[in-house]
Colleague: 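So that we are looking at the same thing, I have put the structure below in structure tokens.
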Protein chains: 4
Amino acid sequence: MNKVFLIGRLARDPELRFTAGTGIAVATFTLAVDRNYVGQSGQREADFIPIICWRKLAEVVANNLSKGRMVAVSGSIQTSSYQAQDGSKRYRTDVVADEVKFLDWPNKDGGSGFRGGISHDDVNVSDDTGFFPVDGDDDIPF
Amino acid sequence: MNKVFLIGRLARDPELRFTAGTGIAVATFTLAVDRNYVGQSGQREADFIPIICWRKLAEVVANNLSKGRMVAVSGSIQTSSYQAQDGSKRYRTDVVADEVKFLDWPNKDGGSGFRGGISHDDVNVSDDTGFFPVDGDDDIPF
Amino acid sequence: MNKVFLIGRLARDPELRFTAGTGIAVATFTLAVDRNYVGQSGQREADFIPIICWRKLAEVVANNLSKGRMVAVSGSIQTSSYQAQDGSKRYRTDVVADEVKFLDWPNKDGGSGFRGGISHDDVNVSDDTGFFPVDGDDDIPF
Amino acid sequence: MNKVFLIGRLARDPELRFTAGTGIAVATFTLAVDRNYVGQSGQREADFIPIICWRKLAEVVANNLSKGRMVAVSGSIQTSSYQAQDGSKRYRTDVVADEVKFLDWPNKDGGSGFRGGISHDDVNVSDDTGFFPVDGDDDIPF
DNA sequence: TTTT
DNA sequence: TTTT
């Protein structure tokens, strides 16, 4: 069992890429999740959590979300390792989303990047295709 | 909101340390959480998730768990950054546990490292002291 | 382990009561949680989940939420039994909240019942007093 | 969003039925989930939560679990209403499972009802067929 | 008895 | 109607 539930705001616009081998869509963004306490500086603190979405979910996210938007994400934690520039092994931890629910509505006037005509009350996108079938050609492009 | 629920096995024995300033106990271990699919190699794959426990929970975990034990962990994702040896900024992601439930019982004969006399059915430890009050002297010792 | 995570809208205004014995505040409301599918009628369907909040959380909820407001609730499932009018035993299932996050902002003009001056981005109330100490005088008043 | 995560023991053997219309398998059982506190009587208390499994998951559960077995369940809360004998409207709340993980191993000698040859470390069954398509003929048979 |  |  590996379950994660988060509510936060996009710390940056999503990036959409495609796997080299099979052209599967993958979107990535960072979610800023407020902590329940206030830090030393008297400032609200947040965790900045890297999120990965696959396939249709990736496309809906990339086409409809932008920096500052509030979402709920359910998914799981995924760890991976990779070779750094200097040859050393590095580890990374991401949340792979299987559901993203849009929770706010950008300022009508603000041009905040929302590009869809979908009512935010209806948007609860899920990735029913499950996990990404790693097959050598389809390394995650980051 | 930032909620995590995991079930897996300790990939290594827990390490117990104390913060420099105030001597608060902190235990760390890695949890191996099986994925629901089988990888290329035909082998079961797992995510290796770093877990942090504080205070009393840290002590109970360090004194009663060891490599191979199965537990359920609830908690939250915490991200932090630190200076690497070479001066570059690195990021890490951990799960801070607020509850750990012991799910199995080591072989009576096996010497698996269990050092307590607590029935596994009763062990559900929680950290009700909440988040760690960062106050300059109490940097996380890793 | 008993963990619940819900996002939905209040199907009715919260009710605030106090336990007979010790006067502890308890608020109840029903949360309408949309299902991810559309029913036979072609209509969106929802689950109507009874929520219970205790103490300070009860008061914040009763004073600041009203029918239609969107919230995220984390908590646990609690079952109980009671004597029906006709003497038969009945069972009920509720979610006891330990955190409620306010997710929307009522129409400034609409008089939706919001009575606080708190920015919705800051409102994430938790019940750190833990479970309700059942002691005979303090039966749940419903 | 509607997510539930439970760990507990079956309070009774699962019951397997089939929908009248389309013969879809549905298993039901009650999960006893220990509370973290001890009640007035000085006894450990539990919540008794009704669980519903559909299709393949229903069959695996019915064929492999029995009273007393420990499992982790992830799923969602579902509410429904029905006509009681006396004509009055009643409400019920169930957890619809989408994943069940077997967490213990019955006494080899005890004849506890385990009928499979599956290692408990491998058993993590999920219902990927999603929600049950209510279509008039397929009312839940209880 | 149900929300948008 | 409840489990260890």
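Worth knowing before you read on, the calculation uses all heavy atoms, side chains too, and leaves out hydrogens, waters and symmetry mates. Lettering follows sequence order; numbering is per chain, from 1. For clarity, every value in this text was computed on a predicted model and none was experimentally measured.
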Colleague: C/G8 near the nucleic acid: base, sugar-phosphate alone, or nothing, with a heavy-atom cut-off under 4.0 Å?
Modeller: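 Nothing: the residue C/G8, judged by heavy atoms under 4.0 Å, touches no strand.
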
Colleague: Between F/dT2, F/dT4, E/dT4, spot the one nearest the side chain of D/A11, thanks.
Modeller: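 Comparing F/dT2, F/dT4, E/dT4 against the side chain of D/A11, the answer is F/dT2.
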
Colleague: Figure out the CZ/P separation between C/R92 and E/dT1, and round it to whole Å.
Modeller: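 Spelled out: CZ on C/R92 to P on E/dT1 is 15 Å.
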
Colleague: What is the distance from CZ of D/R9 to C1' of F/dT1, rounded to the nearest Å?
Modeller: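 So the two atoms are 20 Å apart, to the nearest Å.
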
Colleague: Looking only at side-chain N and O atoms, does C/K67 come under 4.0 Å of OP1 or OP2 in E/dT2?
Modeller: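 Checking E/dT2 against C/K67, no side-chain N or O comes under 4.0 Å of OP1 or OP2.
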
Colleague: Tell me whether the rings of A/F5 and B/F5 are parallel (<30°), tilted (30 to 60°) or perpendicular (>60°).
Modeller: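 Because their plane-to-plane angle lies in the 30° to 60° range, the rings of A/F5 and B/F5 count as tilted.
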
Colleague: Kindly point out which of E/dT3, E/dT1, F/dT1 is positioned nearest to the side chain of D/K89?
Modeller: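 Nearest listed nucleotide: E/dT1.
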
Colleague: To the nearest 0.5 Å, tell me how far D/Q78 CD sits from D/D94 CG.
Modeller: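 Reported to 0.5 Å precision, the distance equals 6.5 Å.
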
Colleague: Without decimals, in angstroms, what is the distance between C/F29 CZ and E/dT2 C1'?
Modeller: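 In whole Å, E/dT2 C1' and C/F29 CZ are 13 Å from each other.
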
Colleague: Could you check how far CZ of D/R35 sits from C1' of F/dT2, rounded to whole Å?
Modeller: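 Those two atoms, CZ and C1', are 13 Å apart.
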
Colleague: Without decimals, in angstroms, what is the distance between C/L10 CG and E/dT4 P?
Modeller: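 These atoms are roughly 10 Å apart.
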
Colleague: For the pair made of CG in D/L31 and C1' in F/dT3, what is the distance, rounded to whole Å?
Modeller: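 Nearest whole value for this atom pair: 8 Å.
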
Colleague: Compare every heavy atom of C/P14 with every heavy atom of C/V61, then report the nearest pair and how far apart it is.
Modeller: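 In terms of heavy atoms, the two residues are closest at O-CG, 3.8 Å.
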
Colleague: Rounded to whole Å, how long is the line connecting atom CG of A/N124 with atom C1' of E/dT3?
Modeller: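 Result: 15 Å.
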
Colleague: Indicate whether OP1 or OP2 belonging to E/dT1 is found under 4.0 Å from a side-chain N or O atom of D/Y91.
Modeller: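 Answer is yes, contact under 4.0 Å.
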
Colleague: Take atom CD of C/E45 and atom C1' of E/dT4, then tell me their distance rounded to the nearest Å.
Modeller: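 Taking atom C1' of E/dT4 as the reference, CD of C/E45 is at 15 Å.
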
Colleague: Could you check whether any side-chain N or O of D/R9 sits under 3.5 Å from a backbone N or O of D/G68, counting only pairs where one atom can act as donor and the other as acceptor?
Modeller: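 Side chain of D/R9 to backbone of D/G68, a donor-acceptor pair under 3.5 Å: yes, one is there.
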
